[in-house]
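Accompanying notes for the structure given below.
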Number of protein chains: 2
Amino acid sequence: MSKRTEKTIVDIAEELKLSVSTVSRALNNHPNISTRTKEKVKKMANKLGYRPNAMAAGLRNNKSRTVGLVVPRISMFFPATISTVIQNKLHEHGYHVLICQSNDSLEQEIALAETLYSTRIDALAVSSTLYTTDFSHFDIFKDNHIPLVFFDRVPKDYKVKVIKGDDYLGGYKVTEHLIEKGCKDIVHISGPLTCNLYVERVAGYKDALRKHKIAFKKSRVFYQELTKENALAACEKIFSKTPYPDGIFAANDTTAITILEYCRKINVRVPEDLKIVGYSNDPRAEIITPSITSVDQFPAIMGEKVANALLDLLQQPATTPQRYSEELVPIQLIERASSAASVSKPKTTVKKKAK
Amino acid sequence: MSKRTEKTIVDIAEELKLSVSTVSRALNNHPNISTRTKEKVKKMANKLGYRPNAMAAGLRNNKSRTVGLVVPRISMFFPATISTVIQNKLHEHGYHVLICQSNDSLEQEIALAETLYSTRIDALAVSSTLYTTDFSHFDIFKDNHIPLVFFDRVPKDYKVKVIKGDDYLGGYKVTEHLIEKGCKDIVHISGPLTCNLYVERVAGYKDALRKHKIAFKKSRVFYQELTKENALAACEKIFSKTPYPDGIFAANDTTAITILEYCRKINVRVPEDLKIVGYSNDPRAEIITPSITSVDQFPAIMGEKVANALLDLLQQPATTPQRYSEELVPIQLIERASSAASVSKPKTTVKKKAK
DNA sequence: CCGAAAATTGCAAACGTTTGCATAAAATAT
DNA sequence: ATATTTTATGCAAACGTTTGCAATTTTCGG
């Protein structure tokens, strides 16, 4: 009936003829409150239906027990899995996680940094936009000694804690794998080079080619946002003229899948005529026919590491200078049918034009 | 250098020889502050690197500009898509979204309700646990007039705003579809009946059978958590004795996919010997071979509706009594290869025992 | 039973905002 | 000019906690 229905510790105090301070301490299990009053207080709290006001406590303590998480999008397999793990782990330790999506827009990422700071999050983990090369919008956090961790898509020259996959090795291994399976002309569909992890994969790709004395051809690598549409566009280009490549290293599985489906349509046999490898080991890679070779990045492990790093920083005194450090999460090539050594001789490249 | 580095509005006030109230009003674009001082204040705010403290404002206003979102898990396709949409939409309107996972544990869901209340979220949207039949842990929100919206997995007899898919129709349509394609013995793998939406799908399944004069057999429906492991266990059972069914209606796509793969192994041809339909239209359903018929639940539309409902309630005065209302999101059967009418006559059921 | 130490409780300020009301300044009408 | 309205600013309380310090009570050795 009454408008003010929220019970506070002063209600408890009045009811019990105690001071608010003892009530507060009792509820927080402060050592020099007698067990008897602690019990009394807690019972009364229950009876009144008291719920602590996190904002009041947060204001007083200057901490929100909330950590921010910024990812490109939560509906993509890899960041979704990582987010899940981080969220669960931090929740076990009494932290809330404010999961935010930049939707791969730098503008949104900048706005997010601003508003997340306003909520006074206790720490921040971010996997940046594809296009973030200037990270200065995160300076506020560094300057104010708020734990800051980057993962997966991490900055290059920005001194923070970084947890990333071994993308160079990934690029190298995939390429070498294709070569070992007999490929001599390998196309690489990469993400934009504004995102460092693609730079590294490309480096791995190049090094593997060099190692096996295969010439690197600029025309055989594509830099684009790794969407289905862009993958199709790349296919049109690749298969518009012969010779067709005999291997494709796609930097994500959406792209690999799209290529595979395209090949089906134009009667290019996978893996006989063309071998395909994706990246990230999306669940779809396993179930498509032929199943697609991909690179597992162990998102659960990465999530675990990010969570641990956050918790670690969170319990250090704020004065401790934030150290730059890079943690590497291993990768593993998962060999599947799409890159299996051909049993039958590959037929000579099809001449049929696509489309 | 100094420890207290956070600038507040009183810093701005002092700097400008104004009162804190004018500064506050200036920053909030209050009408009776002159444009001149507004500009001055904002300039100084920028210069000092002032960031509003959301907790202080929240405490004063008794609102957090945060809404809670509780889902079973954010890594599953359906809730992930919905969460994405809700998050983006609410963010456009200046709200944060605290996404939380119950991991399908009732215990965790209860704890979540408690701590979310403590953070004084302005509204709450939830898709419940599979096992939530008593929803009283959400009473706090109702009692305190905090907008509360349920979606997808919704309560049966709990008076709140509800947004759900048309599960009865879904169950009906799937079953009728299988019958029309020639199935006479249809297994249904359902989720546990503690979750109302499965009750409805089962009802649809039964009604479609009755309509087409096919006897309902208790032994042909399974109630279980829809995991891969459970799906395999069900397969073992189903294919341990003849006659095999000629149709399976799985209540999610993970189950459908698992069955399909199992059939491949034991040489049951899909769709010739057995037709399979899943539910939710997971991206995997489309790319597997044969592609799996499924039911699109339009998660984006559902997310949109949930977000709109929240925003709607959010701007109503707190006094407005919360009305119970149910909104139905349509479903659509997506026909694919796994349930196509067989061209060749189905061979008589294979006798080979599985395993 | 006294005094000192230990254990328990209370006082009051502080965290950074917002806002009703009062006041001061400027603009307008007389 | 003065009185009146309009516009702009300031005062101070309030939101619900936590915590350093002071005050009180209890415990206990002698």
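In the text below, chain A, chain B and the rest are named by the order of the sequence lines, each starting its count at 1.
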Does a side-chain N or O from B/Asn61 land closer than 4.0 Å to OP1 or OP2 of D/dA14, or not? no
Spacing between B/Arg51 atom CZ and C/dG16 atom P, to the nearest angstrom: 16 Å
Among B/His137, B/Arg153, B/Glu109, find the residue that satisfies the side chain to side chain donor-acceptor pair (under 3.5 Å) test when tested with B/Thr132. B/Glu109
Report yes if at least one side-chain N or O of B/Ser34 is closer than 4.0 Å to OP1 or OP2 of D/dT7; otherwise report no. no
Regarding A/Ser136 and A/Asp134, is there a side-chain donor-to-acceptor distance under 3.5 Å anywhere? yes
Hey, does B/Lys17 reach any base, or is it just sugar-phosphate, or nothing, if we go heavy atoms under 4.0 Å? sugar-phosphate
Row check, A/Tyr158 ring normal vs A/Lys142 NZ/CZ: under 6.0 Å, within 45°: yes
Under-4.0 Å side-chain N/O to phosphate OP1/OP2 contact, B/Asn28 with C/dT18: yes
On DNA chain C, compare the nucleotides closest to B/Ala57 and A/Ile33; which residue's is nearer the 5' end? A/Ile33
Can you say whether the rings of B/Phe141 and B/Phe138 are parallel (under 30°), tilted (30 to 60°) or perpendicular (over 60°)? tilted
Measure from the side chain of B/Thr22, starting at C-beta and using heavy atoms only, and say which of D/dT17, D/dT9, C/dT17 lies closest. D/dT9
With the side chain defined as heavy atoms from C-beta on, A/Arg25 is closest, among C/dT17, D/dG20, C/dT9, to D/dG20
Closest to the A/Ser21 side chain: D/dA8, C/dA12, C/dT19? C/dA12
Would you state whether a donor and an acceptor, one from the side chain of B/Arg60 and one from the base of C/dG20, lie under 3.5 Å apart? no
If you check every side-chain atom of B/Ala56, which of D/dG16, D/dT19, C/dT17 has the closest atom? C/dT17
Indicate, with a heavy-atom threshold strictly under 4.0 Å, whether B/Asn62 touches base, sugar-phosphate, or nothing. nothing
B/Thr8 side-chain proximity, nearest of C/dT17, C/dC11, D/dG10: C/dT17
Touch check for A/Ser24, heavy atoms < 4.0 angstrom, all strands: base, sugar-phosphate only, or nothing? base
